[in-house]
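Everything on this sheet refers to the single structure shown next.
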Amino acid sequence: MHILSILLGVLFFFNLVLASIIVFLERRNAGATWAWLMVLFYIPYLGFILYLIFGQNMTRKRLFDWEGIKKIGIEDLLIEQTRSLRERSLPFRHREISPHQDLIYMHLINNDALLTQDNDVTVYTDGQEKFEALLRDIEQARSHIHIQYYIFKKDQLGKKIVDKLIEKAKQGIEVRILYDEMGSRRTRPRFFRHLTAVGGEVAVFFPSKIPFVNLRLNYRNHRKLVIIDGKVGYVGGFNVGDEYLGLDPKFGYWRDTHLRVIGSASLAMQTRFILDWNQATKSRKISYEGKYFPTASFSGSTGIQIVTSGPDSEWEQIKNGYLKMISSAKHSIYIQTPYFIPDESLLDSLRIAALSGKDVRIMIPNKPDHMFVYWATYSYVGELLKAGARIFIYDNGFIHAKTIVVDDELSSVGTANIDVRSFRLNFEVNAFLYDRKLSRELSRSFMEDRKLSRELTLEDYHRRPLMIKFKESISRLLSPIL
């Protein structure tokens with residue numbers, strides 16, 4: 001009993017030390033600080049373990065080697081484009097891009113996100129159509145196929161894609177798959193054994209170094225990218241799994257948004273894939289060769305910046321892009337997101353937009369896939385209702401799209417949700433789109449989805465039961481670390 005008392009005292013001492021570190025050394029976000037302090041003091045021993053797994057601060061750790069981009073001339077392009085933007089001399093294919101030069105400049109100098117203006121973009125909102133197009137493009141591959149998904153399941157869709165990749169690998173096409181260990185936790189390397197046997201390569205992002213224990217559990221690669229021959233790129237919300245085809249009874253129809261891009265933006269996706277691949281595979285790194293960055297003339301006209309963010313970044317690039325878009329709105333802001341847990345800056349920007357008479361509309365799912373996140377989402381949209389925003393609950397299955405459209409002329413589609421996890425903890429990628437026609441297409445999709453949704457009014461929100469209010473309060477307190 002005496003030994004147990006000593007052990008508990010030691011653990012409590014370490015608990016106090018850890019709490020002090022959070023407050024005085026890491027200088028993390030104030031909301032996250034208080035949330036972790038609450039966990040540490042109310043669950044003093046288990047909280048210590050939870051912090052070791054979920055609470056590590058990765059900010060400013062150098063994970064990716066950018067030196068290779070010099071070999072393909074990206075550094076020179078960045079310097080030239082930055083100079084042109086500063087001098088207001090960068091030529092734009094469409095006049096509608098010009099008003100957004102400050103947003104373009106911000107992404108350029110903080111994220112090395114080149115503006116490309118020769119892209120042809122197809123929008124997919126249905127999983128069947130998206131994966132049919134992807135399989136057709138894989139079939140047409142002549143050099144290489146680079147695939148990166150947060151979730152890659154070993155179900156019918158996963159097997160169908162792997163079987164097609166095996167065919168291409170047998171033809172001598174370079175095939176690489178990168179997936180996140182936690183997102184694909186039920187997928188084991190043996191699922192890809194036939195692919196690797198014929199020359200394909202598979203890598204895992206942030207794998208467990210200790211069996212069944214992953215101390216980097218909280219930092220996951222949430223990106224979804226496919227690059228084929230350095231000419232065709234895919235980015236958006238769909239992962240690989242049967243539920244994304246609407247085959248899971250729990251969710252029903254899966255509504256998402258994904259882009260197929262033919263143009264120079266695919267080369268920016270390629271750079272991101274190579275960086276992630278090289279970080280995950282120290283001994284099988286991809287060199288920056290011309291075959292991965294072919295010189296080609298594209299006929300498209302959509303302006304795109306591929307913007308990435310992660311816990312290793314000093315700035316929250318994608319969130320800052322969202323803030324800039326919202327603050328620039330003159331008429332309307334349409335948002336679709338499965339999770340809505342904004343920090344104070346984003347919540348304030350949307351509240352101010354709504355109070356200023358802007359048409360702010362947010363669409364969220366009618367069912368949770370993460371319970372605490374769902375009730376925290378409900379809490380935050382309630383605040384915006386009071387400011388005059390309109391909230392729509394999607395009833396036709398599950399909406400997983402991550403889109404923002406401003407004034408029908410500026411939009412963003414990618415992997416980042418409107419939540420603290422996407423902004424600070426996950427590795428994400430978004431396409432920022434400077435194209436009025438494409439933005440209007442995304443707005444029309446929002447309006448079509450509205451027909452399959454019900455509007456949550458302020459009166460409805462005030463009538464919610466006491467138990468829901470309690471769930472919201474608890475989830476809201478934990479929201480900075482969800």
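The figures that follow rest on heavy atoms only: side chains count, while hydrogens, waters and symmetry mates do not. If you read the sequence from its start, that first residue is 1, and numbering goes on from there.
Judged purely by distance below 3.5 Å, without hydrogens or angles, the side chains of H146 and Q270 pair a donor atom with an acceptor atom. No donor-acceptor contact under 3.5 angstrom links the side chains of Y179 and N221, judged on distance only. Using a 3.5 Å distance cut-off with no hydrogens or angles, the side chains of T302 and K437 do not pair a donor with an acceptor. A donor-acceptor pair shorter than 3.5 Å can be found between the side chains of Q101 and S98. For the residue pair Y434/Q117, the side-chain donor-acceptor check at 3.5 Å is not satisfied. Donor-acceptor pairing under 3.5 Å is lacking for the side chains of S345 and D348. In the model, D118 has a side-chain atom that pairs as donor or acceptor with a side-chain atom of S264 under 3.5 Å.
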Give the intermediate values and the outcome of side chain to side chain contact (heavy atoms under 4.5 Å, CB included) for residues L410 and D435. CA-CA 6 Å; L410 177 64; D435 186 293; over 6 Å; no
With side chain to side chain donor-acceptor pair (under 3.5 Å) as the criterion, how do H331 and D407 come out once you've worked through the C-alpha distance, each side chain's angles and the decisive distance to 0.1 Å? CA-CA 6 Å; H331 308 292; D407 294 341; 5.2 Å; no
S439 and D408: CA distance, side-chain angles, deciding distance, side chain to side chain donor-acceptor pair (under 3.5 Å) verdict: CA-CA 5 Å; S439 296; D408 283 355; over 6 Å; no
Between Y244 and N239, is a side chain to side chain donor-acceptor pair (under 3.5 Å) present by the stated rule, with each step listed? CA-CA 7 Å; Y244 300 95; N239 287 292; 3.1 Å; yes
Salt bridge (charged side-chain N to carboxylate O under 4.0 Å, His left out), that's the test. Do K153 and E243 meet it? Break it down for me. CA-CA 10 Å; K153 290 195 173 180; E243 67 263 40; 2.9 Å; yes
Walk me through whether R176 and W277 qualify under side chain to side chain contact (heavy atoms under 4.5 Å, CB included). CA-CA 9 Å; R176 295 181 177 91; W277 176 272; 3.8 Å; yes
Please walk me through it: do V261 and M269 pass side chain to side chain contact (heavy atoms under 4.5 Å, CB included)? CA-CA 10 Å; V261 179; M269 298 183 208; 3.9 Å; yes
Could you walk me through whether V240 and I161 pass the side chain to side chain contact (heavy atoms under 4.5 Å, CB included) test, one step at a time? CA-CA 9 Å; V240 175; I161 291 175; 3.9 Å; yes
Chi angles and distances behind the ring pair (Phe, Tyr, Trp, His ring centres under 6.0 Å) call for F192, F152: CA-CA 11 Å; F192 302 101; F152 199 116; 5.5 Å; yes
Give the C-alpha distance, both sets of side-chain angles, the deciding distance and a yes or no for side chain to side chain donor-acceptor pair (under 3.5 Å) between R86 and Y105. CA-CA 8 Å; R86 283 175 176 164; Y105 181 81; 2.9 Å; yes
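Between G388 and A354 the shortest heavy-atom distance is C-CB, 4.2 Å. What you find for T415 and G236 is that their closest heavy atoms are CG2-O, 3.2 Å. Closest of all the heavy-atom pairs between I399 and P338 is O-CB, 3.4 Å. Shown here for S412 and N430, the closest heavy-atom pair between the two residues is OG-ND2, 3.0 Å. A pairwise comparison of heavy atoms in D229 and Q140 identifies OD2-O, 4.2 Å as the closest pair. A431 approaches I304 most closely through the heavy-atom pair CB-CG2, 4.2 Å.
In this structure, K451 pairs ionically with E448, as a charged nitrogen and a carboxylate oxygen lie closer than 4.0 Å. Ionic pairing of K291 and E174 is present here: one or more N-O contacts between side-chain nitrogen and carboxylate oxygen are shorter than 4.0 angstrom. Of the charged side-chain nitrogens involved, at least one lies within less than 4.0 Å of a carboxylate oxygen, so that R361 and D359 count as a salt-bridged pair. Ion pair R223/E428 not flagged as a salt bridge, since none of the NZ, NE, NH1 or NH2 atoms sits closer than 4.0 Å to an Asp/Glu carboxylate oxygen. Look at D276 and R272 and you find a salt bridge, because one of the NZ, NE, NH1 or NH2 atoms lies within 4.0 Å of a carboxylate O, short of that distance. Note on K324 versus D102: salt bridge recorded, some NZ/NE/NH1/NH2 to OD/OE distance being below 4.0 Å. Between D126 and R255 there is no salt bridge, since no side-chain N of the basic residue sits under 4.0 Å from a carboxylate O of the acidic one. Salt-bridge annotation for R83 and E80: present, with a side-chain N of the basic residue lying under 4.0 Å from a carboxylate O of the acidic one. A salt bridge links R220 and D180; the closest N-O separation between the charged side-chain nitrogens and carboxylate oxygens is under 4.0 Å.
For the atom pair NZ of K319 and OG of S313, the computed distance is 12.5 Å after rounding to the nearest 0.5 Å. To the nearest 0.5 angstrom, L165 atom CG is 5.0 Å from I177 atom CD1. Remark: I362 CD1 to I335 CD1 distance equals 5.0 Å, nearest 0.5 Å. Here T281 contributes atom OG1 and L178 contributes atom CG; the two are 8.0 Å apart, rounded to the nearest 0.5 Å. Rounding to the nearest 0.5 Å gives a distance of 10.0 Å between CD1 of I228 and OG of S266. Here the CG atom belonging to D112 is positioned 5.0 Å from the CG atom belonging to L78, to the nearest 0.5 angstrom.
In this structure, F427 and F205 have perpendicular ring planes: the angle between them is above 60°, well past the 30° mark. Below 30°, between 30° and 60°, or above 60°: for Y461 and Y378 the angle between ring planes is between 30° and 60°, a tilted geometry. Relative orientation of the Y292 and H144 rings is perpendicular, given thresholds of 30° and 60° on the angle between their planes. The aromatic rings of H107 and F432 lie tilted to each other, with the angle between the two planes from 30° to 60°. Classification of the Y124-Y234 ring pair by plane angle, with boundaries at 30° and 60°, yields parallel.
A heavy-atom distance below 4.5 Å is found between the side chains of L346 and I418. Side chains of V121 and R260 form no contact here, defined as non-hydrogen atoms less than 4.5 Å apart. Annotation: side chain of Y394 is in contact with side chain of D449 (closest heavy-atom distance under 4.5 Å). The shortest distance between side-chain heavy atoms of K402 and V413 does not fall below 4.5 Å. Side-chain contact between R424 and S309 is absent, with no heavy-atom pair separated by less than 4.5 Å. Side-chain contact between S328 and V406 is present, with heavy atoms from C-beta onward closer than 4.5 Å. V235 places none of its side-chain heavy atoms less than 4.5 Å from the side chain of K224. Counting only heavy atoms from C-beta outward, the side chains of F298 and N119 never approach each other to under 4.5 Å.
By the 6.0 Å contact criterion, NZ on K231 is open, its count of non-hydrogen atoms from other residues, nucleotides or ligands being 12 or less. Other residues, nucleotides and ligands place more than 12 heavy atoms under 6.0 Å from the CZ atom of R284.
When each of V360, L323, V381 is tested with L350 by the rule side chain to side chain contact (heavy atoms under 4.5 Å, CB included), just one qualifies, namely V360.
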